[in-house]
Amino acid sequence: MNMAMMAAAAPDAGARSPLWLRGGYRLLFGCGALWAVVVVTLWVGALGGRLTLPIAMEPLAWHQHEMLFGYLGAIIGGFVSAAMPNWTGRPTVTGWRVAAVGGLWLAARLAILFSATVPPLVGAVLDVVYLLILLAYAAREIFASGNRNKPILIILFLFAAACALDHAAMMGALADAALGVHLGFALILLLISLIGGRITPAFTRNWLMRRGSSEGLPTLPNRFDMAVIGATALALAAWVAEPASAIAAGLLIAAGVLQFIRLARWAGMKALSDPLVFVLHISYAWLPTGLILLGCATLHPVLPVSSAIHALGAGAMGAMTLAVMTRATRGHTGCPLEADRATVLIYILVHAGALLRVVAPLLPFDYLTVIAAAGGLWAAAFLLFLLVYVPMAVRPR
C-alpha cells in the first residue's frame, strides 16, 4: 500500500472505531473526572478513619499523587489529544491506540491503589510509561508539523520525571519526600499560566467581537505576559528548591500580583453574561490567589500552607480543568458553545468546594466535617460532569 492509499485509509479506520474511541479526550476526560470522584471519596473516608486503603504508602501521599499524576494525568492526556489536531492540522488518533493508552492509565491507577498487594514498582512503571507515551505522541505531532508549541514538550517531560521522583519517594528511595509532588505541582501551575493565559483572552476576545464589540478588547499575549510567566516559573522553582524560604515566599507573592495584573488586562467582566467564557477568568483567578496565599502562609501562617495548596489545587487546577473540559467537549462534539444550567451548576460546585476547603481552618465548625463537605461539593462537580458530558462525548454529533 502506497502512502496515498494509507492516508486515505486512515480516516476510514477512524470512522469504523466506536465513537468513544474517536479521540482520546472522549475517553480520558471521563476517566479523569471519575477518578477525581473516587480519590476524593476514598481520601475523605480514610481521613475520617472510616476506610483503610489497600496501599503501601501513607494515605496522604497516595491522595497527593493520584490527584496530581492520576486525575490530572488523564486530563492532560485528553487535552493533548484534543489540542494536537487543532495545533498541527494532523489527524486525530483513534481506535485501539486510544483504548490502549486509556487501559495503561487505568492499570497504573489500580496498581497504585492496591500497592499493598501489587509490587509498587509495577505501578510506578505503568504510571511513568503512560506519561512518556503522551510525550512521544505530542513530540511526533509537533515536530512533524513544525508547530510552535515545543515548550509544552519540556513540561510534559519534566512532569513524567516528577512522577518518577514521587514514586521513588513513596518507595523510600528519595531523601526529599515532597520533591516529586512539588515539582509536578509547579509544572501544572506553569501549564495553566501558559495555556490558560492563551485561551482565556483569545476566547474572550472572539466572544466580544462576535457581539459587535470593538473597544476594550482583551490584550493578547505579549512581552508582558512572557515576563509574568517567567516570574511565575522563577517563583515556583524557588519554592520547589526550598519551600520554607522567605525568598521563595516573596517571589510567590510578587508572581501572584503580576498574575492579577495580567488577568485584569483580559476584560473578564465584559464576559459576565456568558458563563462558558467568564468561568475561564474566575478559574484563572485562583492561580494568583493561591500564589499569594502560599507566599503569605510561608511568611506568617494566618492560613496554613495546606489551604494555599488547595487554592492552587482544588481551585486553579480543578476549576480550570473543568472549564476547559466542558468547552472542549462541546466544541469537538458540535454542541452549542453555551453553558446550560447543568454546566453552570458544575462551575458553582467546583468553586464552592475549593473555597470551602481553603477557608476550612477559619470556620467555627468541626474541621473534618468541613473537609468532608468541601470534598463532597468538589467531587459533585465532577460527578455531574460525568452525567452530562460523557454521554455528550460518545453520541453522534
Side-chain angles (χ1 to χ4, degrees), residues 11 14-37 71-72 74-95 98-99 102 195-196 198-213 268 270-284 317-351 379-397:
R16 290 194 299 269
S17 301
L19 191 57
W20 58 279
L21 294 179
R22 298 181 197 173
Y25 73 92
R26 297 179 188 268
L27 177 63
L28 291 172
F29 280 170
C31 287
L34 177 60
W35 196 239
V37 175
Y71 150 63
L72 284 172
I75 304 308
I76 289 173
F79 174 78
V80 167
S81 74
M84 284 300 157
N86 290 339
W87 289 354
T88 66
R90 291 170 58 81
T92 301
V93 174
T94 61
V98 173
I195 302 299
R198 181 187 304 171
I199 65 175
T200 302
F203 290 160
T204 306
R205 188 183 185 93
N206 293 341
W207 181 80
L208 289 171
M209 291 180 69
R210 285 197 301 270
R211 292 172 61 89
S213 177
K270 291 188 175 183
L272 185 61
S273 62
D274 188 340
L276 208 64
V277 176
F278 184 67
V279 72
L280 293 169
H281 294 264
I282 58 174
S283 299
Y284 194 92
M317 297 178 191
M320 184 58 81
T321 52
L322 275 174
V324 171
M325 288 157 61
T326 50
R327 187 182 186 94
T329 301
R330 285 184 169 276
H332 285 273
T333 57
C335 295
L337 287 177
E338 299 173 356
D340 55 18
R341 292 181 180 178
T343 303
V344 172
L345 182 56
I346 289 172
Y347 299 154
I348 292 172
L349 287 170
V350 71
H351 285 283
F382 287 88
L383 181 59
L384 188 55
F385 175 87
L386 284 169
L387 296 175
V388 175
Y389 278 86
V390 170
M392 187 185 300
V394 298
R395 69 188 179 208
R397 294 173 66 93

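Source: prediction; values computed, not measured. Below, all heavy atoms of this structure are taken into account, side chains as well, without hydrogens, waters or symmetry copies.
- Distance alone, capped at 3.5 Å, places no donor-acceptor pair between the Arg327 side chain and the Ala323 backbone.
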**OP:** Assess whether side chain to side chain contact (heavy atoms under 4.5 Å, CB included) is satisfied between Met320 and Val279, documenting all intermediate values.
**Re:** CA-CA 8 Å; Met320 184 58 81; Val279 72; over 6 Å; no
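- Closest heavy-atom contact between Met392 and Thr333: O-CG2, 3.6 Å.
- In this structure, a donor-acceptor pair under 3.5 Å is absent between the side chains of Tyr347 and Ser283.
- Nearest heavy atoms, Ser81 versus Gly23: OG-C, 4.3 Å.
- Ser213 places no side-chain N or O within donor-acceptor distance of the main-chain N or O of Met209, the cut-off being under 3.5 Å.
- With hydrogens and angles disregarded, a donor-acceptor distance shorter than 3.5 Å links the side chain of Arg26 to the backbone of Ala393.
- Ile282 places a side-chain heavy atom less than 4.5 Å from the side chain of Phe278.
- Expressed to the nearest 0.5 Å, how far CG of Leu72 lies from CE of Met317 amounts to 6.5 Å.
- Judged purely by distance below 3.5 Å, without hydrogens or angles, the side chains of Thr200 and His281 never pair a donor atom with an acceptor atom.
- One finds the OG1 atom of Thr326 at 11.0 Å from the CG atom of Leu384 (value rounded to the nearest 0.5 Å).
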Subject >> side chain to side chain contact (heavy atoms under 4.5 Å, CB included) between Arg22 and Leu27, intermediate numbers included >> reply: CA-CA 9 Å; Arg22 298 181 197 173; Leu27 177 63; over 6 Å; no
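- For the residue pair Leu349 and Ala381, the shortest heavy atom distance occurs at CB-CB, 3.7 Å.
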**OP:** Could you go through the side chain to side chain contact (heavy atoms under 4.5 Å, CB included) check for Val350 and Phe385 one step at a time?
**Re:** CA-CA 11 Å; Val350 71; Phe385 175 87; over 6 Å; no
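- The shortest non-hydrogen separation linking Gly32 to Tyr71 is O-CD1, 3.3 Å.
- Formation of a donor-acceptor pair under 3.5 Å by the Arg330 side chain with backbone atoms of Pro336 is found in this model.
- Ring geometry, Phe79 versus Trp87: the interplanar angle exceeds 60°, so the pair is classed perpendicular (tilted spans 30 to 60°).
- With sequence neighbours left out, Arg211 forms a side-chain hydrogen bond (donor to acceptor under 3.5 Å, both in side chains) with no residue at all.
- Annotation for Val93 and Val98: closest pair O-CG2, 3.4 Å, computed over non-hydrogen atoms.
- To the nearest 0.5 Å, atom CG of residue Leu322 and atom CZ of residue Phe29 are 10.0 Å apart.
- How far CD1 of Ile199 is from OH of Tyr284: 10.5 Å, rounded to the nearest 0.5 Å.
- In terms of the side-chain hydrogen bond (donor to acceptor under 3.5 Å, both in side chains) criterion, residue partners of Thr343 (sequence neighbours excluded) are, by chain and number, Asp340, Tyr389.
- Between Met325 and Ile75 there is a side-chain heavy-atom pair separated by less than 4.5 Å.
- Closest non-hydrogen pair, Leu386 versus Pro391, comes out as O-CD, 3.3 Å.
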